[in-house]
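Residue numbers begin at 1 in each chain, while the letters A, B, ... track the order of the sequences. Because the structure is predicted, anything quoted here is derived from the model rather than measured.
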Number of protein chains: 2
Amino acid sequence: MLRGHLVSADRDQEGPVRLPQWEALVVDAVGNVIDFWGFKRNQGRVWALLYLRATPMSAQEIQDQLGLSKGAVSMITRELEQWGVIHRVRPVNNSSWMFVSETDFMGMIGRVVQEREASFVARVKADLAEAERLARSSPDAPPEVVDRIARMRRLAQLIEGAVGAFLKTSQLNLDGVSGILKDSGETLQRGANEIRKRVRSRLLSGPRQNGGPS
Amino acid sequence: MLRGHLVSADRDQEGPVRLPQWEALVVDAVGNVIDFWGFKRNQGRVWALLYLRATPMSAQEIQDQLGLSKGAVSMITRELEQWGVIHRVRPVNNSSWMFVSETDFMGMIGRVVQEREASFVARVKADLAEAERLARSSPDAPPEVVDRIARMRRLAQLIEGAVGAFLKTSQLNLDGVSGILKDSGETLQRGANEIRKRVRSRLLSGPRQNGGPS
DNA sequence: TATATAGTTCAAACTGTCTTGAACCGCAAG
DNA sequence: CTTGCGGTTCAAGACAGTTTGAACTATATA
């Protein structure tokens, strides 16, 4: 690998930028986006690195390249794996897991967001409903107040609809261009060859027995 | 001074629930939503309280009712005012400002979110573009990498479109029901009367001179 | 079974954000 | 001009979420 001599020597040394600048830019951009959507910045960074390299990377490599701790890498990879945006493989001749990115990134993220949003909205709606009930049965609450609470419920309903539509549209857009992140034809071919070269033969799409995600 | 012993007596006392329960529920529900959208929880709580009461409230009242500090109320009201979701009025016979909620809450929030999102996306796109440029002109970057960066740019574009569509739809939905939060006919009448009773005459839609929002 | 290395866990440290509270400002009344 | 009070500001503190790092567990090899 080309980056070899640059990297491994100075491990303890806090090297601020060991990645080529274009990688750093992409990795951080994705990190920001993912952070914006309520995930951890480093989850996005790890995914982006794996996607850019398009070659299996060990936890150790990720740790070195992104300057994360052992623990952080363990946690982050597990989470990404749970969401299905990366998966781990174990080359037969190698005792450590390697990670590769899933290309259906947005689909997965979309599903997670949708789920999160759904339960959140459910909670809000329940609270407003309860408030309305209480206000109705309380002598202290004037009818206008009940009316206003009802209006907010309706508003919540509308927002829910809009968010649902957004997520669906978003999903469709991405489905429409069908695997926009996936390497196409020739490139994919090359990628596959490169992978094989690296790990020396078939990859075991790991039904993680060793402390895999619960 | 007399204010000392009177006020502070029950101020330090952490009154957990001084609001009727239905108000607490609504106020917190809105707080959660607003927090979810990347604003401060208490901004949502203050707006919700003003909306529910539908009557001008002083900073002091807000402070007491929601258990916030003087400073927090000042900051939060200023921010809400800047976004145009509340405004301050000064009754002629009264030396303190009173706050009232704007009913076009979602419209305003939508605009702010849109703005925030737009500049964020612009930044991300610029970073990806720069990364692509660098990768193209670097001998170390294989063409597949350039290709993958280009793909991510396209993805960013799509997401941007989806978000834009969402915000527009959301706006339309709310416009469609035209002022869903606004008190209608009769109720509005009553509300207005109530307001007049309380503040004792016309309200000055405040071109805040005294330390108003910049 | 012993050894070495990979991987996980979790309390403590860190980070960024929000809130507090006391000093300060400015206006209006005396 | 002084006093009283509403309002603002901002450094310090509280807090939530994230990361670290060292102890611990698991796995592979011999």
Side-chain angles (χ1 to χ4, degrees), chain A residues 11-12 14 31-32 34-46 56-64 66-82 86 88-99 204 206-214, chain B residues 1-8 11-12 14 31-32 34-36 38-46 56-64 66-82 86 88-99 204 206 208-214:
Chain A
R11 174 106 47 83
D12 331 302
E14 177 69 10
N32 288 334
I34 242 46
D35 181 51
F36 185 82
W37 285 97
F39 302 88
K40 295 183 205 168
R41 160 173 278 99
N42 280 330
Q43 289 167 345
R45 301 213 312 143
V46 168
M57 293 180 73
S58 69
Q60 181 70 102
E61 280 174 306
I62 294 171
Q63 179 180 344
D64 293 343
L66 297 182
L68 302 175
S69 69
K70 203 153 151 348
V73 172
S74 174
M75 231 181 59
I76 288 167
T77 51
R78 186 187 28 193
E79 292 156 345
L80 291 176
E81 202 184 359
Q82 281 171 337
I86 69 174
R88 65 178 75 195
V89 297
R90 168 110 70 178
V92 289
N93 67 332
N94 193 323
S95 69
S96 65
W97 291 101
M98 309 276 267
F99 298 95
L204 196 155
R208 49 280 130 106
Q209 47 188 149
N210 169 20
S214 56
Chain B
M1 49 191 78
L2 33 124
R3 158 188 147 289
H5 68 286
L6 278 181
V7 183
S8 46
R11 176 106 47 84
D12 328 306
E14 176 70 9
N32 288 333
I34 241 48
D35 181 50
F36 185 83
F39 301 88
K40 295 184 206 164
R41 160 173 277 98
N42 280 329
Q43 289 168 345
R45 301 212 311 143
V46 168
M57 292 181 73
S58 68
Q60 182 64 208
E61 280 174 305
I62 294 171
Q63 180 180 341
D64 293 343
L66 297 182
L68 302 175
S69 70
K70 202 152 139 20
V73 171
S74 173
M75 228 182 57
I76 289 166
T77 51
R78 177 163 33 113
E79 292 156 344
L80 291 177
E81 202 186 359
Q82 279 170 338
I86 70 174
R88 66 178 73 196
V89 296
R90 170 111 71 175
V92 288
N93 66 333
N94 193 324
S95 69
S96 65
W97 291 101
M98 309 277 268
F99 298 95
L204 196 157
R208 46 283 133 108
Q209 48 188 145
N210 172 19
S214 56

Distance in angstrom units between B:L66 CG and C:dT19 P, rounded: 12 Å
Spacing between A:E79 atom CD and D:dT18 atom P, to the nearest angstrom: 9 Å
Whole-Å distance separating the CZ atom of A:R78 from the P atom of D:dA26: 15 Å
Partner set under side-chain contact (heavy atoms from CB on, under 4.5 Å) for B:N94, not counting sequence neighbours: B:P91, B:S96
Minimum-distance nucleotide to B:S69 side chain [options: C:dG21, D:dT9, D:dG21]: C:dG21
Contact summary for B:R88 and B:T77, nearest pair of heavy atoms: NH2-OG1, 4.2 Å
Any A:R45 side-chain N or O less than 4.0 Å from OP1/OP2 of D:dT19: no
Presence of A:R88 side-chain N/O under 4.0 Å of C:dG7 phosphate oxygens OP1/OP2: no
Check: C:dG7 base within 3.5 Å donor-acceptor of A:K70 side chain: yes
Gap between atoms CD and C1', on B:Q60 and D:dG4 respectively (whole Å): 14 Å
Spacing of A:I76 atom CD1 relative to C:dT8 atom P, expressed in whole Å: 12 Å
Verdict with supporting geometry, B:V46 and B:L66, side-chain contact (heavy atoms from CB on, under 4.5 Å): CA-CA 8 Å; B:V46 168; B:L66 297 182; 3.7 Å; yes
Interatomic distance, A:N93 CG vs C:dA6 C1' [rounded to whole Å]: 15 Å
Pair A:R90-A:W97, side-chain contact (heavy atoms from CB on, under 4.5 Å): steps then yes or no: CA-CA 5 Å; A:R90 168 110 70 178; A:W97 291 101; 3.2 Å; yes
Rounded distance in Å - CD1 (B:I62) to P (C:dT19): 14 Å
With B:Q43 via side chain to side chain donor-acceptor pair (under 3.5 Å) - residues at least two apart: B:E79
Touch class at under 4.0 angstrom, heavy-atom based, for B:S96 against every strand present: sugar-phosphate
Closest approach of A:G44 to A:I34 (non-hydrogen atoms, all atoms of both residues): N-CG2, 3.5 Å
Worked verdict on B:N32 versus B:R41 for side-chain contact (heavy atoms from CB on, under 4.5 Å): CA-CA 6 Å; B:N32 288 333; B:R41 160 173 277 98; 2.4 Å; yes
Closest-nucleotide 5' rank along DNA chain C - winner of A:G71 and A:S95: A:S95
Contact state string [nucleotides 12-18 of chain C, B base, S sugar-phosphate only, - no protein heavy atom under 4.0 Å]: ------S
Atom-to-atom span, CG of A:N94 to C1' of C:dA4 - whole angstrom: 15 Å
Nucleotide of D:dT19, D:dT9, C:dT19 approaching B:S74 most closely (side-chain heavy atoms): D:dT9
